[in-house]
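Heads up, the thing below is written out as structure tokens.
Given the structure is predicted, the values throughout are model-derived calculations rather than measurements.
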Amino acid sequence: LKTLVFGKLSEADKKTISEGDSAKCRQMIAAAKDKSKETFEMGGFYLGMDIEDAELLFRFYFPEIEMQEKRDGKSVDAAYSIDIKGQRAPFCYASAKDKKIYQFNFGKKVLKKWHSYDVQTFGEWARAYSRENKIDMKYKEIEKEATVYVPPDLSETYRVWFHQESY
């Protein structure tokens, strides 16, 4: 809806809104530096920020990339996410309760905005970032397995596997 409304505005109105958003984003980036004392922060994005602020900041950095906020499921407890075109995993997840971000998935295009390391894998990138920032990004792998029962009589089953790598 926001994209449709923005598309109907005159160029002068778009420029006015964009300039106001740019000033707000610069303030958000400066304020986020304080958050880095308590949580992870990169480019103004930090864990615990409001999803609306993350959307605004993402548009500031990447106005050409399409993005969409949505729910990650149909229940009232389903997390919110921001999907960006060209990235498999959602850019971030926010809690259903307060819309505060609890996970970022910085893809290649996003990471290159701030850090252009000469690396080949996510692991190499994490080591380079760790060295530069004098931190220890630990690798964590989660693997789970479950049986899914198919309705209506639950007699048909199949196995599913979950695999996630993170730093």
Verdict with reasoning, D153 to S155, per side chain to side chain donor-acceptor pair (under 3.5 Å): CA-CA 5 Å; D153 62 2; S155 62; 2.9 Å; yes
Candidate pair I82 and I51, rule side chain to side chain contact (heavy atoms under 4.5 Å, CB included), full reasoning: CA-CA 8 Å; I82 295 177; I51 196 167; 3.7 Å; yes
F45 and F91: CA distance, side-chain angles, deciding distance, ring-ring contact (aromatic ring centres under 6.0 Å, His included) verdict: CA-CA 11 Å; F45 295 101; F91 172 68; 5.2 Å; yes
I84/V110 under side chain to side chain contact (heavy atoms under 4.5 Å, CB included): CA gap, chis, key distance, verdict: CA-CA 10 Å; I84 58 175; V110 174; 4.3 Å; yes
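Both W125 and W114 are part of a single hydrophobic cluster, where members link through side-chain heavy atoms under 4.5 Å apart. Connection of Y139 to I135 is established within a shared hydrophobic cluster, with ILVMFWY side chains joined at heavy-atom distances below 4.5 Å, either directly or through further cluster members.
Atom CD1 in I29 sits 13.5 Å away from atom CE in M42 (nearest 0.5 Å). The distance from atom CZ of F58 to atom SG of C25, rounded to the nearest 0.5 Å, is 12.0 Å. Distance check, rounded to the nearest 0.5 Å: CD of E143 to NE2 of H163 gives 5.5 Å. Atoms CE and OG1, on M49 and T39 in that order, are 11.0 Å from each other to the nearest 0.5 Å. Residue Q103 holds its CD atom at 9.0 Å from CG of L47, rounded to the nearest 0.5 Å.
Across all non-hydrogen atoms, the minimal contact from S95 to Y80 is O-CD1, 3.6 Å. Here the closest non-hydrogen pair linking G43 and Y61 is O-OH, 2.7 Å. Nearest approach of G44 to A32, heavy atoms of both residues: O-CB, 3.5 Å. Closest of all the heavy-atom pairs between L57 and M28 is CB-CE, 4.1 Å.
A heavy-atom distance below 4.5 Å is found between the side chains of K24 and D53. Residues E55 and M67 have side chains in contact (heavy-atom distance under 4.5 Å, counting atoms from C-beta outward). Residues Y46 and E38 form no side-chain contact, since every pair of their non-hydrogen atoms from C-beta on lies 4.5 Å or further apart.
A distance-only check finds a donor-acceptor pair linking the side chain of S130 to the backbone of M137 [under 3.5 Å]. With Q87 contributing its side chain and G107 its backbone, the two residues share a donor-acceptor pair below 3.5 Å. S81 contributes no side-chain N or O that, together with a main-chain N or O of D83, makes up a donor-acceptor pair within less than 3.5 Å. Listed for the R71 side chain is no donor-acceptor partner under 3.5 Å among the backbone atoms of A96. Under a 3.5 Å cut-off, the side chain of N105 and the backbone N or O of P90 do form a donor-acceptor pair. Distance alone, capped at 3.5 Å, places no donor-acceptor pair between the E132 side chain and the A128 backbone. Side-chain N or O atoms of D50 include none that pairs as donor or acceptor with a backbone N or O of E52 at under 3.5 Å. A donor-acceptor contact shorter than 3.5 Å links the side chain of S36 to the backbone of K33.
Take K112 and apply the salt bridge (charged side-chain N to carboxylate O under 4.0 Å, His left out) test, not counting sequence neighbours, and it matches no residue.
Contact check on E64 versus R59 returns no salt bridge, with no Lys/Arg side-chain nitrogen under 4.0 Å from an Asp/Glu carboxylate oxygen. The existence of a salt bridge linking D136 and K138 is confirmed by a sub-4.0 Å separation between a basic side-chain nitrogen and an acidic carboxylate oxygen.
The cationic atom of K109 (NZ for Lys, CZ for Arg) does not lie both less than 6.0 Å from the six-membered ring centre of F62 and within 45° of the ring axis. At least one cation-pi condition fails for K144 and F162: the charged atom is not both under 6.0 angstrom from the six-membered ring centre and inside a 45 degree cone around its axis.
The aromatic rings of F40 and Y129 are tilted relative to each other, their planes meeting at an angle between 30° and 60°.
Taking a 6.0 Å sphere around NZ of K99, one finds it holds more than 12 heavy atoms contributed by other residues, nucleotides or ligands. Atom CD of E66 has 12 or fewer heavy atoms from other residues, nucleotides or ligands within 6.0 Å. More than 12 heavy atoms of other shown residues, nucleotides or ligands fall within 6.0 angstrom of atom CZ in R159. Heavy-atom neighbours of E145 CD from other residues, nucleotides or ligands within 6.0 Å: above the threshold of 12.
Ring centroid separation for the pair Y93 and F104 does not come in under the 6.0 Å cut-off.
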